[in-house]
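Following: one structure in structure tokens, then a few remarks.
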Amino acid sequence: MSQTSLNSLHYVDDILYWGNRFDLSPYASKASEAPVFLYNLPGIKERYQQMRQAWDKVSPNSKIFYAMKANSHPEILKLFKASGSGIDVVSAGEIRRAIECGFSSKEIIFSGVGKSKSEIEFAIDQQIYQINVESLPELQRLAQISAKKKKSIPVVLRVNPNVDVKTHPYIATGLSENKFGLEISAWPEIREIFKSNSSLSLAGISLHLGSQMMDFSGLAQALRLAKDFFLQIKKEFPEIRRFDVGGGLGVIYERQDFSAEEKMLKDYVSVAQDELRDLLKDPKFEIQSEPGRWLVAHSGILLTEVQYVKETPYKKFLIVNAGMHLLLRPALYQSYHHILPMKLYEQRKNQRYDVVGPICESSDFLAKNRELTESFQDEVLCIADVGAYGAVMSSDYNLQTKPQEICIY
Ligand SMILES: Cc1ncc(COP(=O)(O)O)c(C=O)c1O
């Protein structure tokens with residue numbers, strides 16, 4: 001399937017195309033005004049459908065809640081809503097955005113480690129589907145607010161299983177040293193809070209072990225621990241039936257290999273199916289997931305114009321108009337993004353460059369020591385796979401201009 005993906009970047013007559021329809025050259029001229037994020041909506045739909053089909057094989061009672069933090073562009077959210085997804089949010093702002101884009105409150109899961117009083121009040125007033133609680137003080141705060149309002153929302157306990165999923169330390173979330181989730185050993189205190197607060201209703205448990213997971217042995221281990229915990233809780237709270245496996249499925253940034261990613265998707269859901277087999281037999285059991293990156297990463301590109309080609313005795317720099325203020329991932333996680341020319345020229349040779357932005361920080365780079373086709377001033381480059389954790393993490397640092405964001409349909 002790989003090269004027929006609607007997300008594939010390839011050349012037709014030396015011009016860069018996206019999927020089977022989009023000639024990207026008309027967008028290049030816009031990148032000199034300001035860098036442009038382009039989003040490929042058919043590509044996102046394709047990924048959602050692939051993931052939907054994979055989960056359908058696991059259970060008819062499986063629900064996908066797209067993790068809006070990956071990309072909260074309204075048109076993308078409307079597409080997920082139209083495709084049948086629910087939504088995972090981490091702030092009141094994201095709840096508002098979800099509702100504005102057509103999601104009903106009953107399609108919203110509220111995750112996150114630092115929910116404020118007013119955010120919890122808002123979530124309760126909106127009567128959202130579920131709140132994923134991450135600490136004892138958060139549970140106590142939720143109990144107080146629910147009692148005061150005489151309203152409750154289903155509570156899911158996010159567990160920290162202390163399992164390593166071998167991702168970048170800044171996106172690992174399932175280790176004891178991380179701020180996320182409740183320790184399983186805290187169950188006696190958790191239980192006490194539920195027993196003494198009739199306004200709280202326990203609905204299930206959740207996990208989120210980290211992002212950009214490429215190996216699923218840690219996931220299997222965490223699911224085993226979480227399943228045992230689920231069964232332990234169920235003895236006293238027989239009504240619990242929701243099990244949220246979180247997000248985290250990774251993508252390949254180094255090259256485009258969609259068939260390898262489909263295989264990863266298959267392996268990932270098989271791990272969940274195998275580890276939760278007994279629970280899945282119960283027709284009332286609901287398995288949930290909160291994917292972000294896998295659904296949208298390949299459906300975003302960033303077009304940026306070369307301002308200067310700077311040569312020193314040590315290096316060649318391509319200084320472009322997009323930097324860490326628009327794409328923070330390389331500075332933050334030393335992450336790799338493919339960089340492609342908009343047009344191929346047979347006679348051009350490759351050169352080694354540092355591709356850097358205009359920001360006054362030495363961490364402001366998009367690529368280091370990268371072999372690329374020779375590029376010149378005023379030409380536009382395409383930074384691939386920026387659909388997830390791209391524009392959403394942008395800032396106006398140095399009072400740089402905001403990026404343009406354009407959806408193609
Ligand atoms: C609680 C939670 N759910 C889901 C996600 C989405 O993860 P990913 O984009 O890796 O699928 C995240 C991301 O960090 C998260 O924190």
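From a predicted model like this one, the values you see are computed outputs, not experimental measurements.
The heavy-atom pair separating F110 from K115 by the smallest distance is O-CE, 3.4 Å. Across every non-hydrogen atom of L280 and A272, the tightest pair is CD1-O, 4.5 Å. Annotation for A98 and V89: closest pair CB-CG1, 4.5 Å, computed over non-hydrogen atoms. Taking each heavy atom of A391 and E405 in turn, the nearest pair found is CB-OE2, 3.4 Å. The minimum heavy-atom distance linking E379 with S375 is given by the pair OE1-CA, 3.6 Å.
Summarising the local packing, NZ of K195 is surrounded by more than 12 heavy atoms from other residues, nucleotides or ligands at distances under 6.0 Å. Counted within 6.0 Å of CG on D13, heavy atoms from surrounding residues, nucleotides or ligands total 12 or fewer; the atom is thus considered open. Few gaps surround NZ on K402; more than 12 heavy atoms of other groups in view lie less than 6.0 Å from it.
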Run the side-chain donor-acceptor check on residues 25-32: report pairs under 3.5 Å with partners two or more places apart or on a different chain.
unit_1 : atom_1 : unit_2 : atom_2 : d
S25    : OG     : D23    : OD1    : 2.5
S25    : OG     : D23    : OD2    : 3.2
S32    : OG     : S29    : O      : 3.1

Would you list the atom pairs, donor with acceptor, under 3.5 Å between side chains in residues 213-225 and any protein atom, with sequence neighbours excluded?
unit_1 : atom_1 : unit_2 : atom_2 : d
D215   : OD1    : S217   : N      : 3.0
D215   : OD1    : S217   : OG     : 2.6
R224   : NH1    : E275   : OE2    : 2.9

Exercise for review: Would you check, one step at a time, whether the test ring pair (Phe, Tyr, Trp, His ring centres under 6.0 Å) holds for F230 with F285?
Suggested key: CA-CA 11 Å; F230 183 91; F285 180 73; 5.7 Å; yes
Practice item. Dump the intermediate steps for side-chain hydrogen bond (donor to acceptor under 3.5 Å, both in side chains) on N162 and E183, then the final yes or no. Key: CA-CA 8 Å; N162 191 24; E183 302 292 315; over 6 Å; no
Check your understanding: Which is it for K63 and E107 under the salt bridge (charged side-chain N to carboxylate O under 4.0 Å, His left out) test, yes or no, and what are the steps along the way?
Key -> CA-CA 10 Å; K63 291 189 177 175; E107 293 167 319; over 6 Å; no
Review point. side-chain hydrogen bond (donor to acceptor under 3.5 Å, both in side chains) between S62 and Q288: does it pass, once the steps are laid out?
Key: CA-CA 6 Å; S62 59; Q288 308 170 337; over 6 Å; no
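In this structure, Y66 and F80 have parallel ring planes: the angle between them is below the 30° cut-off, well short of the 60° mark. Note: Y39 and F37 have parallel aromatic rings, judged against thresholds of 30 and 60 degrees for the angle between ring planes.
Between K69 and D88 there is a salt bridge, since a side-chain N of the basic residue sits under 4.0 Å from a carboxylate O of the acidic one. With respect to the salt-bridge test (charged N to carboxylate O, under 4.0 angstrom), the residues E239 and K234 do not qualify.
Taking the six-membered ring wherever Trp is involved, the centroid distance between the rings of Y253 and H338 does not fall below 6.0 Å. Residues Y333 and H168 bring their aromatic ring centres within 6.0 Å. Residues Y353 and F317 place their aromatic rings such that the two centres sit no closer than 6.0 Å.
For the pair S146 (side chain) and L142 (backbone), a donor-acceptor distance under 3.5 Å is present.
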